[in-house]
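Remarks on the structure that follows.
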2 protein chains.
Amino acid sequence: MHPIQTQMLKRERQAFIMKQINLHNRILSADLGLMLNVSEDTIRRDLNELAEAGELVKVHGGALSKSYHYDYAPSTTYALSEKTVIAQKAATLIEDGMFVILGGGTTVRELARLLPVDLKATFFTISLTTALQLCDHPTIDVIFLGGTLVKNSQISVGGEVISRLNEIKADLCIMGTNAIDTECITDTDLEAVQVKKAMIKASKRSAVVTISEKLGSTQKLQVCELSDIDYLVTDLPADAPQFLGYRREGLVIL
Amino acid sequence: MHPIQTQMLKRERQAFIMKQINLHNRILSADLGLMLNVSEDTIRRDLNELAEAGELVKVHGGALSKSYHYDYAPSTTYALSEKTVIAQKAATLIEDGMFVILGGGTTVRELARLLPVDLKATFFTISLTTALQLCDHPTIDVIFLGGTLVKNSQISVGGEVISRLNEIKADLCIMGTNAIDTECITDTDLEAVQVKKAMIKASKRSAVVTISEKLGSTQKLQVCELSDIDYLVTDLPADAPQFLGYRREGLVIL
DNA sequence: AATTTTATTGCAACTTTTTGCGGATTTGAT
DNA sequence: ATCAAATCCGCAAAAAGTTGCAATAAAATT
């Protein structure tokens with residue numbers, strides 16, 4: 001970032017600012033002052049004008065691009081469209097007559113919502129909201145695995161659930177995750193981890209559904225090795241480069 | 001976990017926090033402080049602002065995603081004002097330290113919604129929606145009695161629930177009913193009736209909550225005799241003439 | 001070209017915002 | 001009940017923003 005010595009017209013300067021904003025999505029007034037060799041007061045006036053004109057968003061300390069993702073949508077589920085894609089792919093794993101264990105999380109709930117209407121299968125779940133969603137389906141059987149409820153995530157945990165899971169031999173288990181990297185699936189809550197372990201143990205095959213943003217993240221508690229799961233379902237196409245390091249024998253990426 | 005960045009704008013920092021929240025559903029202030037290289041005080045201020053704006057839920061130690069919060073839709077409940085009155089009366093039966101079994105139905109759910117915020121008690125329930133409502137309470141413990149779910153009433157039934165109930169000795173059981181007359185409590189669904197019987201057996205005392213409209217009605221399956229219950233809670237004042245024939249030794253009408 | 005008019009810029013004094021820190025207080029778990 | 005972690009509170013310093021104003025530059029006018 002070298003200061004630009006030649007005297008600039010206001011128009012040019014503002015054009016330069018916009019270029020920086022579009023390039024970096026953000027800019028500090030102080031940096032601009034240095035780059036353009038004008039006082040910060042001038043920069044601030046420029047930014048205010050550009051903000052007035054709706055070209056950018058002025059914030060304390062600088063400005064942000066209008067396209068910057070600072071406007072969160074609170075009421076709607078985060079990354080819903082991605083989750084819908086994932087849910088549709090995961091739904092293909094379920095066949096008539098199967099016994100399926102479902103975990104918690106919004107992605108799994110979305111899956112429960114998108115089950116084919118003529119599906120005939122038996123579902124076990126530990127999530128209140130997933131269970132409610134499953135109750136809307138006309139032909140499936142739903143069994144809730146009771147236990148102590150975790151308030152934040154609205155799933156049941158504890159010895160009760162785990163001993164019940166130990167009695168089950170399901171065909172498939174589908175769960176979300178907090179974090180996944182090339183080595184293992186990790187999570188933040190000890191109780192939830194224990195239940196997830198039991199879910200995997202209780203199923204012939206296990207699927208992990210997750211938005212691709214979580215690929216490469218790690219949390220403190222390990223659920224299982226990546227090799228312990230059979231299907232990885234994300235919003236990416238199966239041949240996406242992001243799966244480098246995830247591919248291995250016995251793991252199907254959907 | 002994340003690289004340290006130079007001079008981040010507040011808005012950027014908050015956007016980062018929201019992304020973490022949406023990604024992992026929960027986040028610790030300490031971790032955020034480390035990731036963003038700012039003091040925990042700053043993080044806490046950010047979290048409070050975001051909570052103020054309704055973007056997340058602030059909790060001790062960090063924050064939670066808002067997407068896990070039961071949004072109660074009161075407008076759809078029939079005779080809500082009556083049920084609110086009933087719920088408030090029934091709530092007086094519950095004291096700190098109690099073990100309470102709650103059944104299904106909108107009146108009981110309304111009760112769950114109106115529990116005093118500082119109540120410390122343990123609740124067992126068979127209803128998904130009641131359980132979700134209970135999850136919003138800060139200090140109570142909630143245990144879901146799992147089983148086969150009945151789709152339209154969203155409660156769990158079956159041998160599973162009943163054998164679990166047989167292991168419980170609660171202080172109080174609160175249930176709604178389909179019909180009540182001067183002789184007995186009756187209902188329409190065999191499975192639900194069996195669970196209710198087990199609930200009563202598992203509790204020292206039992207309360208029936210119902211809107212006064214149902215007084216004098218009868219269904220095909222008997223849950224119990226009127227003498228088997230200890231409290232009858234309706235929207236009427238305790239001395240209302242409608243209770244003629246209901247009054248007896250050991251039955252408190254609220 | 002000279003002059004008036006208008007706009008832009010930097011500066012100084014002052015206000016507001018943001019942030020980190022010490023210490024008191026509350027909370028949650030044991 | 002006890003104890004460490006988390007929170008709250010007030011404060012002070014640094015950073016950013018605001019305002020008025022004079023100096024200067026650009027534009028318009030004669």
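Chain identifiers are assigned alphabetically (A, B, ...) following the order of the sequence lines, protein sequences preceding nucleic acid strands; residue numbering begins at 1 within each chain.
In this structure, CG of B:L32 is placed 17 Å from C1' of C:dG20, rounded to the nearest angstrom. With rounding to whole Å, A:E40 atom CD is found 13 Å from D:dT18 atom P. Between A:N37 atom CG and C:dT8 atom P the separation is 19 Å, expressed in whole Å. One can place CG of B:D46 at 14 Å from P of D:dC8, the figure rounded to the nearest angstrom. Separating the NE2 atom of A:H60 from the C1' atom of C:dT16 is a distance of 8 Å, rounded to the nearest angstrom. Distance, A:E12 CD to C:dT9 P: 11 Å, rounded to whole Å. At whole-Å resolution of the value, CD in A:E52 and P in D:dG17 are 16 Å apart. The CD1-C1' distance, from A:I43 to C:dC11, rounds to 16 Å in whole Å.
Heavy atoms of other residues, nucleotides or ligands lying less than 6.0 angstrom from NZ of A:K201 number 12 at most. Remark: A:E52 CD is loosely packed, at most 12 non-hydrogen atoms of other residues, nucleotides or ligands lying under 6.0 Å away.
Residue B:G62 is in sugar-phosphate contact alone, with no base atom involved, counting any heavy-atom pair closer than 4.0 Å across all strands shown. Within the nucleic acid shown, A:N48 comes within 4.0 Å of sugar-phosphate atoms alone, with no base atom in reach, counting heavy atoms only.
Among A:V108, A:D187, A:L102, A:I200, the one residue that satisfies the side chain to side chain contact (heavy atoms under 4.5 Å, CB included) test with A:M175 is A:I200. A side-chain hydrogen bond (donor to acceptor under 3.5 Å, both in side chains) with B:Q14 is found for one member of B:E55, B:E49, B:K19 and no other, namely B:E49.
Side-chain N/O atoms of B:R11 include none lying less than 4.0 angstrom from OP1 or OP2 on C:dT17. At C:dT8, none of the side-chain N or O atoms of A:T42 fall inside 4.0 Å of OP1 or OP2 (strictly under the cut-off). Residue B:R45 has no polar side-chain atom (N or O) positioned under 4.0 Å from OP1 or OP2 of D:dC8. Between B:K58 and D:dT7 there is a side-chain polar atom (N or O) within less than 4.0 angstrom of OP1 or OP2.
With C:dT9, D:dG17, C:dG28 as the choices, the nucleotide that has an atom nearest any side-chain atom of A:R44 turns out to be D:dG17. The listed nucleotides are C:dT19, D:dT19, D:dC9; the one nearest the side chain of A:D41 is D:dT19.
Atom OG of B:S153 and atom CD1 of B:I126 lie 8.0 Å apart (nearest 0.5 Å).
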